[in-house]
Protein chains: 2
Amino acid sequence: MVDRRGAGDEVVTTAAAKRSADAPAESAADVRERARAIPEAAVARLAVYLRVLSGMAEQGVTTISSEELAGAAGVNSAKLRKDLSYVGSYGTRGVGYDVEVLVSHIERILGLTRKHSVAVVGIGNLGHALANYGGFPSRGFPVAALFDIDPDLTGVPVGGIPVNHIDDITSVCAEREVSIGVIATPPQAAQAVCDRLVSAGVQCILNFAPVVLQVPDYVEVRKVDLAVEMQILSFHVARRADEAAGDVVNGVGVDGVVIRP
Amino acid sequence: MVDRRGAGDEVVTTAAAKRSADAPAESAADVRERARAIPEAAVARLAVYLRVLSGMAEQGVTTISSEELAGAAGVNSAKLRKDLSYVGSYGTRGVGYDVEVLVSHIERILGLTRKHSVAVVGIGNLGHALANYGGFPSRGFPVAALFDIDPDLTGVPVGGIPVNHIDDITSVCAEREVSIGVIATPPQAAQAVCDRLVSAGVQCILNFAPVVLQVPDYVEVRKVDLAVEMQILSFHVARRADEAAGDVVNGVGVDGVVIRP
DNA sequence: TACCGCTTGTGAACGGATGCACAAAGTTGA
DNA sequence: TCAACTTTGTGCATCCGTTCACAAGCGGTA
Ligand SMILES: NC(=O)c1ccc[n+]([C@@H]2O[C@H](COP(=O)([O-])OP(=O)(O)OC[C@H]3O[C@@H](n4cnc5c(N)ncnc54)[C@H](O)[C@@H]3O)[C@@H](O)[C@H]2O)c1
Ligand SMILES: NC(=O)c1ccc[n+]([C@@H]2O[C@H](COP(=O)([O-])OP(=O)(O)OC[C@H]3O[C@@H](n4cnc5c(N)ncnc54)[C@H](O)[C@@H]3O)[C@@H](O)[C@H]2O)c1
C-alpha cells in the first residue's frame, strides 16, 4: 500500500531517517569502496528507481516498500533491495523506504550532486532534437555547448545556445567545464570528433553514430545504436515466428525458405 | 592481415564456403534450437559484427579472421568466436571467415531476411529526426507510418511519409504490416500509445519516453533512456573523482562535503 | 513492556556470460 | 605427399549478476 500522508508531513520519525540525519554510520572510505563495487547493470537500474521515486515524491508519497517500487520500476523486488543495498541501508524494516532519503542517497551515489555540463557535437537532425530536449537540464545535465563543422550553422542559436565551430572545441569545452560529450555527427566523422573531445579533456562520451570508437582507457564511452536495437527486436520476431512454425511440416525453415528440399 | 583480393574475385575455394553452397548440414529444427539459445548480449554484438562486416564487404574484403573482426568490433576474439558459434560454424581454420557468407548467416539468424516495417508515434523533435533518418530503411527497417495526436500535423509529410492521426493507428498498422512501433511521445502519453500499438497487433516496441511500460508477456520492449545513459556516465565521473580523492585527508567525502566532522 | 506482523537486508545457491587454452582442422609450401 | 603453420571451435574454470529464502529488526498494539 502506498503511503499518501501528503507532502506536508515533515516530522521524521523512522529510525533510518534519524540515523541519516544524526550521524552517518560510515566513513568516506566505505562509500568509495561500495561505489567501486556496484555492478553497471545495477547503476542503470538505480537511475530508473531515481526517476520513479522523484515522480512519487512529487505526488506526495513519503514512504514506499521494495515491493511497490519494484513493481513501478518493472523489476524483481529482491533485485531492487540488493541494488539499494549497494547504496546503503536506508530502509526501515516493517515499513519501507523514506522516499526523500532514498532519492538523496541515490543521487549522491550517481554523482548527481554536481552539475555535469554537456556538449553536443553535430547539430543535424538528431543534434537539434537533443539541443531542444528539456529532459537533460532538468535532470542536472545542462547543455552548455553545441558544435558543428558547417559554417552556416555557427553562431545560430539552437535551443537557446549558439552553435560554435568544431575548431573551437578545446577552448569552449575548457571554459564551460564540459564533462560529457555527445556525438551526433555522421559516422565517418565520429572517430575524429571523439579524438578532439578527448584531447579537449572530456572523459565521458555518449555516441549516437553507428561506429565503434577507439578511446584511451580512462575515457568512458556509452553508445546508443538504434539500428542495433531494431535488429534485436527483429531477432525476437524471427525467433517467435520460428517457434510458431515449429509445428508445421519439417524441412521448411524461416520465411518459407526450403532448407531441406 | 586483411585479405584485400578485391570484390571481383568470385571463385570460392574455401571448404566452409563450399559447405554452405553445396548442402546445408543442419535442419530447420537445429536452426530454431540454436536461435532460442543465443544470449541477448550476444545478439546485440552480432548486430555490431554485421555492421562491421558490411563495411568490410563494401571495401572489397573477402576474408577476415576472428582477431581482426574482434578488434574492429571492440571485443575479445574468444568472445567473438563463441558468438559466431551460436550462428553456426562457417569459418575456415587457418584462414578465417568468408565475409559474405558470415553476413548472410548473421542476417538470417537476426531475422533480417524479411522486412520489418516501422511506425513512429509522436512526431515532435525526436520523431522528426527519426522519420528523416536514412539509417533505418537502409538496414531493412523501412519507416512505413507516422502518427501524432496533433491535428495540425496530420497529412503533413515528414521524411516523405504523411503523418496519420493516432486514432487511425489500428487500421494503418494492419494495412502497412507494421511490426515495430517506436514511441516518441511525451512520457504522460507513452503508456496509452503503447496500449494502442499493442492492440493494433504490434509486438515489438522501441520506447524513447522515460517511463516503464507495462505490456503483455508476448510483447518485446526495448527502451532508450538518454537520461539514464547520462547518469551512468555521471556515476563513472563520481567514482573516478572518489578514487582520486582517496589519497587526501580522510573524513571528507565526495564534493568536499564533510562526512565525519 | 511484551508480543505480533510486516519488510528489510543479505548469505547462499544458482545460472549465465566471459575468457583461457588447446585440440582439431584446414592451408600453404617444399 | 607431408610437415609446419595458422586459425577456428569449444571444454572448462571463473566471474559476475540474479534469485531465493529467511533471520533480524522495526513499528504497532494490547
Ligand atoms: N537522425 C536520427 O534519428 C538518428 C538515429 C540514430 C542514429 N543517428 C546517427 O546520429 C548521427 C547524426 O544523425 P543526423 O540524422 O542528425 O545527421 P545529419 O546529417 O542531419 O547531421 C549531422 C551533422 O553533423 C555535422 N558534422 C559533420 N561532420 C562534422 C564534424 N567533423 N564535426 C562536427 N560536426 C560535423 C554536419 O554539419 C551536420 O550538421 C549519425 O551518425 C546517425 O547515424 C541518427
Ligand atoms: N528530443 C530529444 O532529443 C529526446 C531525447 C531523449 C528522450 N526524449 C523523449 O522522447 C519523447 C519525445 O520527445 P520530443 O522532444 O520529440 O517531444 P515533443 O514534445 O517535441 O514531441 C512530442 C510529440 O508527441 C505528440 N503527442 C503527444 N501526445 C500524443 C499521443 N497521445 N499520441 C500521439 N502523439 C502524441 C505531440 O503532438 C508532439 O508532436 C519524450 O518522451 C522525451 O522525453 C526526447
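Atoms considered below: every heavy atom in the structure, side chains included; atoms not considered: hydrogens, waters and symmetry mates. Since the structure is predicted, the reported quantities are computational estimates derived from the model, not experimental observations. Sequence lines set the chain letters: A, B, ... in the order given, protein chains first and strands last, and positions in each chain run from 1.
Side-chain proximity of A/Ser65 to the nucleotides C/dG26, C/dT7, C/dT10 is greatest for C/dT7. Closest to the side chain of B/Ala78, from the set C/dA21, C/dT27, D/dT18, is C/dA21.
As rounded to whole Å, 11 Å separates atom P of C/dT8 from atom CG of A/Leu102. Counting to the nearest Å, the C1' atom of C/dA17 and the CG atom of B/Leu80 are 15 Å from each other. Rounded to whole Å, the distance from OH on A/Tyr97 to P on D/dC26 is 14 Å. C/dG9 atom P lies 12 Å from atom CG of A/Asp83, rounded to whole Å. Going from atom NZ of B/Lys79 over to atom C1' of D/dT8 covers 18 Å, rounded to whole Å. Rounding to whole angstrom units, CD of residue A/Glu67 and P of C/dG5 are separated by 19 Å. What separates CZ of B/Arg81 from P of D/dG11 is a distance of 14 Å, to the nearest Å. For the pair A/Leu84 CG and C/dT7 P, the computed distance is 16 Å after rounding to whole Å.
With sequence neighbours excluded, the residues satisfying ring-ring contact (aromatic ring centres under 6.0 Å, His included) with A/Tyr133 are A/Phe136. When the side-chain hydrogen bond (donor to acceptor under 3.5 Å, both in side chains) test is applied to B/Arg51, the partners found at least two apart in sequence or on another chain are A/Asp225. Listed by chain and number, the residues in a salt bridge (charged side-chain N to carboxylate O under 4.0 Å, His left out) with A/Glu220 are B/Arg240 (sequence neighbours excluded). With sequence neighbours excluded, the residues that form a ring-ring contact (aromatic ring centres under 6.0 Å, His included) with B/Phe141 are B/His116. Residues that satisfy the side-chain hydrogen bond (donor to acceptor under 3.5 Å, both in side chains) test with B/Glu229, not counting sequence neighbours, are A/Arg222. Here A/Glu67 pairs with nothing under the salt bridge (charged side-chain N to carboxylate O under 4.0 Å, His left out) rule; sequence neighbours left out. By the side chain to side chain contact (heavy atoms under 4.5 Å, CB included) test, A/Asp195 pairs with A/Gln191, sequence neighbours left out. Residues meeting the side-chain hydrogen bond (donor to acceptor under 3.5 Å, both in side chains) test with A/Ser179, sequence neighbours left out: none. Applying the salt bridge (charged side-chain N to carboxylate O under 4.0 Å, His left out) criterion to A/Glu100, with sequence neighbours excluded, gives no partner residue.
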Report, one pair per line, the protein and nucleotides 1-3 of chain D atoms (nitrogen or oxygen only) whose separation is under 3.5 Å.
none

Could you pull out the protein-nucleic contacts involving nucleotides 28-30 of chain D (nitrogen or oxygen on both sides, under 3.5 Å)?
none

Identify each atom pair where a protein N or O and an N or O of nucleotides 12-15 of chain D are less than 3.5 Å apart, giving names and distance.
from: D/dC12; atom 1: N4; to: B/Lys82; atom 2: NZ; distance (Å): 3.4

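Not a single donor-acceptor contact under 3.5 angstrom links the side-chain atoms of B/Arg93 to the base of D/dT7.
Taking both residues in full, the closest heavy atoms of A/Ala44 and B/Val228 are given as O-CG1, 3.8 Å, listed atom of the first, atom of the second, then distance.
A/Gln231 and A/His236 share no side-chain donor-acceptor pair at under 3.5 Å.
Ranked by how close their nearest DNA chain D nucleotide is to the 5' end, A/Glu40 and B/Ser66 are led by B/Ser66.
Using a 4.0 Å cut-off, some side-chain N or O of B/Asn76 falls inside it from OP1 or OP2 of C/dC20.
The closest donor-acceptor contact from the side chain of B/Ser85 to the backbone of B/Gly88 lies at 3.5 Å or more, if one exists at all.
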